[in-house]
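Since the structure comes first, as structure tokens, the remarks are kept for the end.
This is a predicted model, so every value here is computed, not measured.
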Amino acid sequence: LSESQLIAVQTDENSEPDFVSVLGAAGEHRAIFVYPGIRGYAWMQDMLSADPKAAKRLMIAENDSLQVNFVRVDELTNLDTDLMKACRWKDTMGGVELRSVRRGWLPWYVNEEEGERLCSALEAFMALVSSGHLESKDLDLWPEGQPVLPMLVRKNGKWSMTMLNMQLTRVNQPRLWVPQEHLRGLPTGRKSGAICLGDIVLPSSIGGLNERPAVVHLFVVADNRSGHAFPPTVRVPGTPLGAGASEAVLTAIKERRQIPEKVFVPEPLFAEVLGE
């Protein structure tokens with residue numbers, strides 16, 4: 001399977017499905033990722049259509065997923081080893097690490113709720129493997145050019161497969177990324193000049209000992225004419241990308257005391273979220 005051949009899993013009739021992705025077809029990283037809910041599916045579609053630079057930012061700063069990573073024994077932590085022993089894992093050549101990733105945070109150990117959700121997705125995936133549907137020549141589980149994929153549904157303790165059409169409809173209505181009170185005090189009058197927005201994701205993290213580490217994501221705005229750079233803002237972990245970018249732009253506008261005619265951005269992804 002390729003990582004784009006998603007498998008939907010619905011554990012409850014009234015719940016949003018989760019989406020299972022199997023990595024390792026290219027031999028680079030063996031893992032099983034679970035993207036929670038419709039937002040997880042939309043994120044994966046954005047990843048598939050993004051250019052490499054935007055995809056890297058989406059992966060580091062916007063990812064929400066549960067993960068099973070198949071790694072070497074020397075890559076495991078003591079907590080991973082204890083969990084494998086409790087699960088009676090017998091493979092001495094390799095191991096598994098269970099991780100959760102939340103938007104704006106780095107991978108961390110799963111909690112009980114995340115573990116149960118991950119186990120349900122893996123149970124459904126194994127039911128699909130055991131059914132033989134993946135090898136069937138009569139079934140096209142991922143029709144080319146169509147947003148159709150297999151979905152496992154649990155009823156009365158058993159898994160059954162159906163096909164799910166996941167045609168997403170994008171909402172084009174304007175969206176306010178920042179609280180209304182942040183718009184107060186903006187300068188009035190004629191627009192003038194331009195500003196440049198940039199960001200950087202640092203190869204480090206913040207957080208205390210035995211605490212989920214946060215991604216260090218900085219936004220910087222500079223005046224296009226003078227080159228003056230305004231104080232950088234740090235994105236609060238968990239907030240959407242558009243909220244972090246908008247906050248940085250508004251802060252610079254207030255300090256600049258004049259609304260610019262243009263905002264230059266590093267790539268179309270920022271133009272899209274700021275344009276909303």
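Legend: residues meeting side-chain hydrogen bond (donor to acceptor under 3.5 Å, both in side chains) with Gln67, ordered by chain and number and at least two apart, are Ser65, Asn69. A search for side-chain hydrogen bond (donor to acceptor under 3.5 Å, both in side chains) contacts involving Glu62 returns Arg235, not counting sequence neighbours. The side chain to side chain contact (heavy atoms under 4.5 Å, CB included) test applied to Pro240 returns Arg103, Trp177, Ala243, not counting sequence neighbours. Residues meeting the side chain to side chain contact (heavy atoms under 4.5 Å, CB included) test with Glu144, sequence neighbours left out: none. For Leu139, the side chain to side chain contact (heavy atoms under 4.5 Å, CB included) criterion is met by His133, Ser136, Leu141, Met161, not counting sequence neighbours. Qualifying side chain to side chain contact (heavy atoms under 4.5 Å, CB included) partners for Val110, counting only residues two or more places apart in sequence or in other chains: Leu98, Ser100, Glu114.
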Could you tabulate the donor-acceptor pairs under 3.5 Å formed by side-chain atoms of residues 259-269, not counting sequence neighbours?
from, atom 1, to, atom 2, distance (Å)
Glu267, OE1, Arg57, NH1, 2.9
Glu267, OE2, Arg57, NH1, 2.9

Output side-chain donor-acceptor pairs under 3.5 Å for residues 178-194, partner residues at least two apart or in another chain, one line each.
from, atom 1, to, atom 2, distance (Å)
His182, ND1, Glu247, OE1, 2.9

Would you be so kind as to tabulate the donor-acceptor pairs closer than 3.5 Å made by side chains of residues 12-22, with sequence neighbours excluded?
from, atom 1, to, atom 2, distance (Å)
Asp12, OD1, Asn14, N, 2.9
Ser15, OG, Asp12, N, 3.4
Ser15, OG, Asp12, O, 2.8
Glu16, OE1, Ile38, N, 2.8
Asp18, OD1, Gly37, N, 3.0
Asp18, OD1, Arg117, NE, 3.4
Asp18, OD1, Arg117, NH2, 2.8
Asp18, OD2, Arg117, NE, 2.8
Ser21, OG, Glu3, O, 2.6

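Applying the side chain to side chain donor-acceptor pair (under 3.5 Å) test between Tyr109 and each of Asn210, Thr77, Asp80 identifies Thr77 as the sole match. Results of the side-chain contact (heavy atoms from CB on, under 4.5 Å) test with Trp159 over Val9, Leu128, Val153 single out Val9 as the only residue that passes.
The two residues Leu149 and Pro147 have their closest heavy-atom pair at CD2-O, 4.0 Å. Between Ala214 and Pro237 the shortest heavy-atom distance is CB-CG, 3.6 Å. Closest heavy-atom contact between Val101 and Trp105: CG1-O, 3.6 Å. Thr239 approaches Val236 most closely through the heavy-atom pair OG1-O, 2.6 Å.
A single hydrophobic cluster is seen to contain both Tyr41 and Leu58, as judged by linkage of ILVMFWY side chains at heavy-atom distances under 4.5 Å, directly or through other members. Note on Met84: it clusters hydrophobically with Leu66, by side-chain heavy-atom contacts below 4.5 Å among ILVMFWY residues. Taken together through direct or relayed side-chain contacts under 4.5 Å among Ile, Leu, Val, Met, Phe, Trp and Tyr, Val34 and Leu48 form part of one hydrophobic cluster.
Lys56 has no carboxylate O lying under 4.0 Å from a charged side-chain N of Asp51, or vice versa, which leaves the two without a salt bridge.
Side-chain atoms of Leu202 and Ile200, non-hydrogen and from C-beta on, do get closer than 4.5 Å to each other. When side chains are defined from C-beta on, Glu97 does not count as touching Glu75, because their heavy atoms never get closer than 4.5 Å. Put simply, the side chain of Leu23 does not reach to within 4.5 Å of the side chain of Ile32, judged on heavy atoms. Using a 4.5 Å cut-off on side-chain heavy atoms (C-beta onward), Tyr35 and Trp43 make contact.
Listed for the Arg72 side chain is no donor-acceptor partner under 3.5 Å among the backbone atoms of Asp74. Of the possible donor and acceptor atoms, none in the side chain of Glu116 sits under 3.5 Å from a partner among the backbone N and O of Glu113. Distance alone, capped at 3.5 Å, is enough to place a donor-acceptor pair between the Trp142 side chain and the Leu6 backbone.
The stretch residues 188-230 participates, sequence neighbours left out, in these ring pair (Phe, Tyr, Trp, His ring centres under 6.0 Å) pairs: His217-Phe219, His228-Phe230. Legend: salt bridge (charged side-chain N to carboxylate O under 4.0 Å, His left out) pairs involving residues 152-166, not counting sequence neighbours, sorted by first then second residue: Glu123-Arg154.
Side-chain heavy-atom separations under 4.5 angstrom define the hydrophobic clusters, and the remaining members of the one that includes Ile60 are Leu106, Val201, Val215.
One distance of note links CD of Glu255 with OG1 of Thr251; it measures 9.0 Å at 0.5 Å rounding. We find the CG-CG distance between Asp82 and Leu76 to be 10.5 Å, quoted to the nearest 0.5 Å. Within the model, atoms CG of Leu134 and CD of Gln5 stand 9.0 Å from one another, a figure rounded to the nearest 0.5 Å. Note that the CD atom of Gln45 and the OG atom of Ser4 stand 8.5 Å from one another [nearest 0.5 Å].
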Problem set entry | Pair Val148-Leu164, side chain to side chain contact (heavy atoms under 4.5 Å, CB included): steps then yes or no | CA-CA 6 Å; Val148 177; Leu164 175 66; over 6 Å; no
Problem set entry | Asp223 and Arg225: CA distance, side-chain angles, deciding distance, salt bridge (charged side-chain N to carboxylate O under 4.0 Å, His left out) verdict | CA-CA 6 Å; Asp223 184 81; Arg225 182 175 300 165; 5.8 Å; no
